[in-house]
Structure formats: C-alpha cells, structure tokens
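Below is one structure, written out as structure tokens, with a few remarks after it.
Only a predicted model underlies this, so the values are computations on that prediction, with no experimental measurement involved. Reckoned from all heavy atoms, side chains included, excluding hydrogens, waters and symmetry mates. Below, chain A is the first sequence line, B the second, and so on; all start at residue 1.
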Amino acid sequence: MGSTALRVRFAPSPTGYLHVGGARTALFNWLLARQSGGVFVLRIEDTDRTRHVAAAEQKILDDLRWLGLDWDEGPDAGGDCGPYFQSQRLDIYQRYVEQLLEEGNAYYALDTPEELEAMRADARKAKRASTYRRPDPLPTVKEGLAARDRGQPAVVRFLMPPGDVVVHDLVRGEVRVPQDEMEDFVILKSDGWPTYHLACVVDDAMMKVTLVCRGQDHLSNAPKHVALQQALGFQTPQYAHLPLIFNLDGSKMGKRDKHVAVHEAVARLIRDGKWTIDTVGEHARIDADGASRWFGDKKAGRKPEFQALDMDGLIRLAGHAGVVLPEIDVHDFRVSGYLPEALGNFLNLLGWSPGDDREHLSRDEAVAAFSIDRIVKSNAKFDRDKLLALNTHWCAGVSPGRLLEAFRDFTQTGGSALNALDDGTASRVLEACKGLRTFRDVENKAGALFVADAQLEYDAKAVRKVLAKNDGQGYAMLERLLPALDSLATWSPDAVEALLADVCEKYDVKLGDVAQPVRVAVTGRTISPAIGDTLMLLGKERTLTRIRNCLAAVA
RNA sequence: GGCCCCAUCGUCUAGAGGUCUAGGACACCGGCUUUUCACGCCGGCAACGGGGGUUCGAGUCCCCCUGGGGUCACCA
C-alpha cells in the first residue's frame, strides 16, 4: 500500500438521517482504516444550501457512533486538515477556482437555464452523451465578472482537456471513458458555492486522502475528478467503487418510500372520515398550511409536497397513523429495535464476504478479515429477513449487560413506554423475553405488564378463545386458581409453575388449559413471557388484582 | 437514447479451467421441541440467463445477444 499510511474518508451530505447505503460505505472505509492503522476522516459535504436539513449532521454523527464507527478527524474530533465542513472552506475553493481560471483551465459561462435546456434537447435528438456546448469564443474572466455583477447567472466551468480518461478502480479494474463523453462541468455555482466535483477533489487532496471508497453511483464522476486533479496538479487517489444496495423488489431505497407509506395510510384515514387535514398537522406538529401542502389537494390538482414535512414530523405522524415506516435509514433500524452489531454485520455482508462460510462476524473479526479484493462487483438487495435473522442471533449471543445497554438506547431513542423501567427490572424483562428477534418483540411481549392494572385492555379474541369458550371454562379455572395463588408462600417462577403443574394433575387437564387463562387474565392477551416469569414480573399482588378484575368484569 | 458497470439458488454469497453429481446462510416446505409468542434442533426444495468460440476439459477465459443497474444538474 505504499509508504504512506492509508487515509480514507466518509463524506455524507446533511440532507437527513444516515442512509443504510451510506452506512455501508462508512463501514467499509472505517474497516480499511482500522485494519491498516490508517486514518478515517469524516467530512460534511454541505455545499447545497437548498437541500440542507437542520441538525442533520448531528443525526448522522449520532447514528455513526451508534454503529460503532468512530473517526479520527472530522467534526468533534478535529484534525490537521480542517475545517471538516465544506461550508467553512469556501475561501479555499475560491482560491482553486481562481487558479484554474488564471491557467486557462476554467472559464465563466453565462448560459441561461433556457439555453441549457435547449442544449440538452439537441443532444438528445443527436443521441450525443455530452450536452453542453462550449462557447466559442470563451468569455473572458473580465466579461464573466462583469456579467455576474450585472446580476446575470454566471458559473465557472472546468475546461475539459482533450484525451480519454482512464480510472483505475480497485474493484472494477480499468474504466476508460472517451473524451467526448465528458463535458465542461460546473465547478462554481452562480451563488459562489462550489459544486460537489470541485469541493470533493480539493478536499480529498488537502485532506491527503489516499483511497476513495464510495458507491458505484459515483463511478461516472471519477473521470471528471481525475481530469480535475490533473489540472490542479493533485495526485490522484486510489479508487474503489462499491456495488449499490436496493430494495428486495429492485426499487431504490429512497426516503420518498417513507412519505409514500405514510401518505397512503393518512389518505385512508381521511377517506374513512377518521382524520382531517387538521389531524395531520396536529400529529405531525406542523401548521395547517404545511399539512395541506404535504398531503396535497386532489381537487385543487395540488400534488403532495413531501418536503413540507421533515423526518421527525413524519415519524410522529406515522406513529399516530399506525404505520411502520419502511426502514431505510440507520435510525429506522435503531428505533425498530435492532442491535448495531447485527446491522453492521449485515451491511458488512452486502457487497463483501470473508470467503469462507462465516456469516456471523464481530467487528474485530471483520477488521481482521476485510479486504478490498473480496468486494463483489454486482449490486445487492437488502433482505430484511436476513437482517432479522442476524439480529436474532446477536440478541441471543451478546452479553446481558450489552443487551441491556442496547435496550436502553432503544427505549430512549424510540420513546418506548418501557423506558421507565429501572435497570434491574429491564434486565429481568430481557431475560424473560429470551428468543427475542428485535426489541420491539420485548415491547409486544412484556409491555402489558407495565401498564396500570386499571388500564389493562383485553383482546376480545383472546378472551373468547381462552376464557369464555366451553361455557366459561377458562373463568372457572381462574376461580380455582385464585385461592391457590393467593396462598402460595414463595412467589417465584418455579413455585408458580409447580403450582400450575399440580393443578393440571389434580384436574387432569393440559398445562395450556391452566396457563393460558392466567396469561389472558393478567395480560389481556395470549402472548407474554413464560407464565412463571410473567407472574413473577407482575408480582403477587398485581397478579391477584388482575385476576380478580378479570373475573369481576364477567360477573 | 449515449456512455459506463454488472450477471451462480427467491435473496446475500462461496467458487480465481479439472477436487462442482456447484458449498454456506436467509427465506420457503416438512418434522421435532413446546403452557402462549418466539427461540432452538433435524431434514428437504432450490442456481451457473442464452448462443457462439478457446481448451483434452468452462460456472470459471474471449465474443455476441439478452437482462439488470448507474449516469448524463448551478444535487451530492
């Protein structure tokens, strides 16, 4: 790998939460750095002022940390190549633009949007790839500046030098792009901010990045970047372009998916008369105008504007509408009760494999095993079933302490009612929920134990099938059980289960005939931890209270 | 549409010319376990897109076709 240490970077743009695809890229870069003693740089590419989302950086950093990916240089970490926000490096880009301009490698372009559109149309008709027609003669810098000062749109374009460009990609080999495929792309926007291409090339050079590992959607950018590097006299880093990740059905994993899912549910609620537009605003905590823009108005022919609602509002709205959001961001999985160990393991296996039959890799094992030449070339699909299986595996394999820690993050981040539990209780709940697939399972299985007794809701179907059937056989069983439980001296899972077993023998019935009525009576549902654990968690008093309440309700 | 990239079970993948009657995992199907839901255990189904070459021999190399994807912005 040469004499200098490896320096890699992850460069997200703060437009929302950390996407799983981005997380995979970050993970691979991190792995590369950690296994080689190299440096992992985090850089925020916030040069798009229109798409910038407030506090998005913090969310991204937070989810990166949650995944266990730490960076050596970047926001909160500092470093010698900062600042690590592109919005704070504007003067640097300006310098290089001037250099390019002076050396005749760039020029001011004064085309109007209409002219550009016309060029695109022409190119399409002529079946040409590049659309931009270089002006002849080129405007001088003076003319450009003058036009800009007059308020005319003026951008700076890179003057693409003649000759094909070859990119040496570590996963794809040599990629050659013919010269006429590349046009004079914009490097400085009319608002004075750099485009991605310029900022990225300049920063990678100044931050001494030796290897650029990113998604394959950037492959077609690589030749442009190489040409720019040559014009600026920069060294070209090594490149590795990762295969892309799609939904199982082949569609892209876009954040639109979430809006669409919620929108459909809300439309249904409104159609059924259960909600109005005001309800939407209320739940999403946005004003009436925002709500109506987000939802759209069919009669007025107004399409939904999804940007009217940010992700946090959308999450709130989804909660109220009873929609499980399609999970596409790291944060979604965090809120859904996944372990970072599992998500990381899963992402690690998307586009890479260790080469043997191992599927379960700890982070340390991944650091040891990872290598760029084992990266797969073809795109992958995100199979949630497999992720679920991995999560199940890690939930079972992780230490009780670690599981508790992760569970607390889940209840906190997702706003679970179980967040109120103390550590001791939470541990016992986790223990009683062994076999869990996600932390949501814990909520579903044990949540009813922690609502107030008077608030306990009974599932009608469960009552019918377990308690009421056969002339109230279940209720009868409860009547018999009540005094026995009441007089039970030691309240432990074993003692409770022994008592139930005795009852079975005494009345010659199956364990299910006695345990299920109790379960339904104390939880309102047919699902809960093992009956001994369920009653233990509930405590003797509340168990008896709930059974009495249940009996009283039918009396 | 131009250009670029890719192509093994439904999915993630192993496979770097003979050891491939193609391996593993998830999903699925059967069975076992079981007081619910899960978990767990055992077994089964299931793939080299098509056509040409090269070679004694091709899933593995080459070409074409087909299919999928990316990209063609003053977004990154």
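A:Asp329 has no carboxylate O lying under 4.0 Å from a charged side-chain N of A:Lys59, or vice versa, which leaves the two without a salt bridge. A salt bridge links A:Lys386 with A:Glu359: the closest approach of a Lys/Arg side-chain nitrogen to an acidic carboxylate oxygen falls below 4.0 angstrom. Look at A:Asp191 and A:Lys189 and you find no salt bridge, because none of the NZ, NE, NH1 or NH2 atoms lies under 4.0 Å from a carboxylate O. Using a cutoff of 4.0 Å between basic side-chain nitrogens and carboxylate oxygens, A:Asp184 and A:Arg134 are scored as salt-bridged. Salt bridge status for A:Glu117 with A:Arg120: present, with a side-chain N to carboxylate O gap under 4.0 Å.
For B:G67, the paired base is B:C6 (Watson-Crick or G-U wobble, both distances below 3.5 Å). Using Watson-Crick or G-U wobble geometry with both donor-acceptor distances under 3.5 Å, B:G44 finds its partner in B:C28. When Watson-Crick and G-U wobble pairs are counted only if both distances are under 3.5 Å, B:U19 pairs with no nucleotide at all. In a base pair of the Watson-Crick type (N1 to N3 plus N6-O4 or O6-N4) or a G-U wobble (N1-O2 and O6-N3), with each distance short of 3.5 Å, B:G1 is matched with B:C72.
Atom CG of A:Asn345 and atom P of B:C12 are 17 Å apart (whole Å). Atom P of nucleotide B:U11 and atom CG of A:Leu350 are separated by 13 Å, given to the nearest angstrom. Across the protein-nucleic acid pair, A:Asn348 atom CG and B:U13 atom C1' stand 13 Å apart, rounded to whole Å. Between the CG atom of A:Asp533 and the P atom of B:U34 there is a distance of 18 Å, given to the nearest Å. As rounded to whole Å, 10 Å separates atom P of B:G15 from atom CG of A:Asp357. Rounded to an integer number of Å, the gap from NZ of A:Lys381 to P of B:C9 is 10 Å. Here the P atom of nucleotide B:C3 and the CG atom of A:Asp164 are 13 Å apart, to the nearest Å. Following rounding to the nearest Å, A:Leu248 (CG) and B:U11 (C1') show an atom-to-atom distance of 6 Å.
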Legend entry - Annotated protein contacts, base or backbone, on nucleotides 35-41 of chain B with a non-hydrogen cut-off under 4.0 Å, one of B, S, - each: BBBBS--

Legend entry - B/S/- contact track for nucleotides 68-76 of chain B, protein heavy atom under 4.0 Å: -SSSSSBBB

Legend entry - Nucleotide-resolved protein contact map, nucleotides 42-47 of chain B, B/S/- at heavy-atom distance under 4.0 Å: ------

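Among the atoms of the strands shown, only primed sugar atoms or phosphate atoms (P, OP1, OP2) are found under 4.0 Å from some heavy atom of A:Arg176.
One C1' atom belongs to B:C29, the other to B:C9, and the distance between them is 15 Å to the nearest Å. As rounded to the nearest Å, B:U34 and B:G24 have P atoms that lie 29 Å from one another. B:U60 and B:A16 have their C1' atoms separated by 8 Å, with the value rounded to a whole Å. Here, B:U13 and B:C6 have their P atoms 15 Å apart, quoted to the whole Å. Comparing B:A22 with B:C63, their P atoms are spaced 28 Å from each other, to the whole Å. With P as the reference atom, B:G59 and B:G23 are 15 Å apart, rounded to whole Å. B:C3 and B:G10 have their P atoms separated by 32 Å, given to the nearest Å. Nucleotides B:C61 and B:G17 are separated by 8 Å at their C1' atoms, to the nearest Å.
Cation-pi geometry between A:Arg148 and A:Tyr108 is not met at under 6.0 angstrom from the ring centre and within 45 degrees of the axis. Under the 6.0 Å distance and 45° angle rule, A:Arg89 does not count as a cation-pi partner of A:Phe85.
In the set B:C3, B:C26, B:A7, the nucleotide with an atom closest to the side chain of A:Glu181 is B:C3. With B:G24, B:A14, B:G10 as the choices, the nucleotide that has an atom nearest any side-chain atom of A:Lys386 turns out to be B:G24.
For the residue pair A:Asp494/A:Ser492, the side-chain donor-acceptor check at 3.5 Å is not satisfied. Checking A:Thr534 against A:Ser528 by side-chain atom types alone, a donor-acceptor pair falls below 3.5 Å.
Put simply, the side chain of A:Arg9 reaches to within 4.5 Å of the side chain of A:Val212, judged on heavy atoms.
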Legend entry - Worked verdict on A:Leu436 versus A:Phe407 for side-chain contact (heavy atoms from CB on, under 4.5 Å): CA-CA 12 Å; A:Leu436 75 159; A:Phe407 180 64; over 6 Å; no

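Of the candidates A:Tyr196, A:Phe158, A:Tyr239, A:His225 forms a ring-ring contact (aromatic ring centres under 6.0 Å, His included) with just one, namely A:Tyr196.
When all heavy atoms are compared, the tightest approach of A:Arg519 to A:Ala530 is NH1-C, 4.2 Å.
A sub-4.0 Å separation between OP1 or OP2 of B:G15 and a side-chain N or O of A:Arg374 is present.
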